[in-house]
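In what follows, a structure is listed as structure tokens, so that the remarks can point back to it.
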Amino acid sequence: MPRRTYKKIKIGTMLGKKALEKLKEQAVREGRSMSAVLETAILSYESTEQTARVLSRQALERFLDLRFNLSLADWKTILEEDFYEQ
């Protein structure tokens with residue numbers, strides 16, 4: 001797959017100490033520049049957000065599907081379960 005080339009634009013930004021350390025570590029691990037790691041992360045984040053929206057929509061469609069048949073007791077169990085304690 002041919003690599004796309006496009007004009008890069010220099011920006012200035014502020015990062016917290018921990019974020020900068022993680023960025024440097026990742027760049028060293030991958031043998032790439034911090035700029036390249038940041039660019040990949042930003043593009044990946046955008047893709048992840050789109051995927052999450054698609055998965056949420058699909059989950060809602062399945063949830064609302066008439067074939068999705070739960071008893072009242074099952075609904076109560078689901079609604080009362082604390083998902084943060086898992």
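Treat the numbers as computed from the prediction; the structure is a model and nothing was measured.
One hydrophobic cluster, built from ILVMFWY side chains closer than 4.5 Å, cannot hold both Val28 and Leu38; they sit in different ones.
Evaluated for a side chain to side chain contact (heavy atoms under 4.5 Å, CB included) with Leu20, the options Lys17, Lys22, Lys18, Lys24 yield exactly one hit, Lys24.
Here Met34 contributes atom CE and Gln26 contributes atom CD; the two are 12.5 Å apart, rounded to the nearest 0.5 Å. In this structure, Arg53 CZ and Thr48 OG1 are separated by 10.5 Å, a value rounded to the nearest 0.5 Å. In this structure, OG on Ser35 lies 8.5 Å from CD1 on Ile11, to the nearest 0.5 angstrom. To the nearest 0.5 Å, the span separating CZ on Arg32 from OG1 on Thr40 amounts to 3.5 Å.
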